[in-house]
J.: 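Mind looking over this structure? Questions follow.
Hydrogens, waters and symmetry mates play no part in the numbers below; they use all other heavy atoms, side chains included.
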Amino acid sequence: MRLQSICDEIMDDVDGALGCALVDLGTGLPLAMTVTSDELLASGAMETLAAAGTDYFRGEVNHQLQSAMGGDPGDGGFVEEIQTTTEETYHFMCVVPGNRQTVLLLITDKTVNLGLGWVAVRRTLRRVEEGTRRPEARVEPSAPSPIEPPSPKDPPDNRTNGMNRRIGRSRLRHR
């Protein structure tokens, strides 16, 4: 699925959505973006928010939080989700689980229920993950090894009976 169509779909799904972007954390630039708000479009706010999202998820504050929580700041991202509230808008930002170099950013007006906003983001994350997943190295399956049936000449091994093992263990516990 194309990334642009993912942005378009979440905008259609969420009443009150003003803008959606998929942001590359390496550059801070939008990979795909849909904006319905003239204010966000004219002011370049979506691009600014995309760049700010990079700082949230990979910047110095993130490293300080990670260090304070006992993590190694060199491990990469620590913060996975952020919600920001302004006087008129909600901003939902979340790292894509299968592609930790991409962030989904959704901006809505305050008529949106916060819980439903997060539901829409998480539902969309699955589609984004599929659309941004890097191809894995292809490994050819090996032929299954044949299982040899027991020979009729082999005597049954009663010592491996599951019932005997359980009884033996329970006796050991009671001693």
Side-chain angles (χ1 to χ4, degrees), residues 1-139 141:
M1 177 175 267
R2 289 188 25 229
L3 298 180
Q4 186 61 48
S5 64
I6 292 171
C7 287
D8 294 342
E9 284 179 26
I10 194 171
M11 293 294 291
D12 291 339
D13 290 347
V14 178
D15 290 335
L18 303 173
C20 177
L22 291 164
V23 182
D24 179 86
L25 282 179
T27 63
L29 297 173
L31 300 169
M33 179 171 41
T34 302
V35 181
T36 59
S37 165
D38 292 336
E39 288 179 34
L40 291 176
L41 191 58
S43 67
M46 284 299 290
E47 291 85 354
T48 302
L49 289 167
T54 301
D55 284 341
Y56 283 143
F57 291 101
R58 298 291 187 250
E60 185 59 33
V61 172
N62 184 38
H63 294 304
Q64 288 174 359
L65 281 172
Q66 189 169 3
S67 181
M69 298 294 287
D72 179 12
D75 284 346
F78 179 68
V79 176
E80 294 181 358
E81 295 180 348
I82 295 172
Q83 177 193 324
T84 306
T85 303
T86 68
E87 197 172 308
E88 298 177 6
T89 60
Y90 294 131
H91 304 199
F92 303 88
M93 293 176 264
C94 193
V95 174
V96 176
N99 183 344
R100 303 209 41 94
Q101 290 300 310
T102 306
V103 169
L104 174 64
L105 166 63
L106 173 65
I107 300 173
T108 68
D109 62 26
K110 283 196 159 179
T111 63
V112 172
N113 175 293
L114 289 173
L116 293 177
W118 278 113
V119 167
V121 167
R122 290 192 179 104
R123 187 178 338 120
T124 303
L125 283 175
R126 281 180 253 153
R127 292 189 300 232
V128 174
E129 183 178 1
E130 292 169 4
T132 62
R133 185 176 296 142
R134 295 179 185 203
E136 297 179 16
R138 188 169 181 189
V139 178

J.: So, K110 side chain and G16 main chain: donor-acceptor pair closer than 3.5 Å or not?
T.: no
J.: Indicate the atoms forming the closest heavy-atom contact of E47 with P30, along with that distance.
T.: CG-CG, 4.5 Å
J.: Side chain to side chain contact (heavy atoms under 4.5 Å, CB included) between C7 and T124: does it pass, once the steps are laid out?
T.: CA-CA 9 Å; C7 287; T124 303; over 6 Å; no
J.: So, taking the atom named CG in D38 and the one named CG in L18, what distance separates them when rounded to the nearest 0.5 Å?
T.: 10.5 Å
J.: Quick check for you: to the nearest 0.5 Å, what is the distance between I10 atom CD1 and L106 atom CG?
T.: 4.5 Å
J.: Considering residues, nucleotides and ligands other than D8, do more than 12 of their heavy atoms fall under 6.0 Å from its CG?
T.: yes
J.: At what distance, to the nearest 0.5 angstrom, does CG of D12 lie from OG1 of T36?
T.: 10.0 Å
J.: For the pair E9 and R123, find out whether any cationic side-chain nitrogen is under 4.0 Å from an anionic carboxylate oxygen.
T.: no
J.: Measure across G28 and T54 and return the closest heavy-atom pair with its distance rounded to 0.1 Å.
T.: CA-OG1, 3.0 Å
J.: Of the non-hydrogen atoms in V96 and L104, which two are nearest, and what is the gap between them?
T.: CG2-N, 4.5 Å
J.: Once you round to the nearest 0.5 Å, how far does OG1 of T84 lie from CZ of F92?
T.: 10.0 Å
J.: Got a donor-acceptor contact below 3.5 angstrom from the Q4 side chain to the M33 backbone?
T.: yes
J.: Enter the distance from L25:CG to N99:CG here, rounded to the nearest 0.5 Å.
T.: 8.5 Å
J.: Show the nearest heavy-atom pair for residues A21 and M46, with the distance to one decimal.
T.: CB-CE, 3.8 Å
J.: Using every non-hydrogen atom in the two residues, find where Y90 and V112 come nearest and quote the distance to one decimal.
T.: CE1-O, 3.3 Å
J.: Do E81 and W118 pair up side chain to side chain, a donor and an acceptor below 3.5 Å, judged on atom types alone?
T.: no
J.: Please find the pair of heavy atoms, one from L40 and one from S43, that lie closest to each other, and give the distance.
T.: O-OG, 3.6 Å
J.: How many angstroms lie between atom CG of D109 and atom CD1 of I107, to the nearest 0.5 angstrom?
T.: 11.5 Å
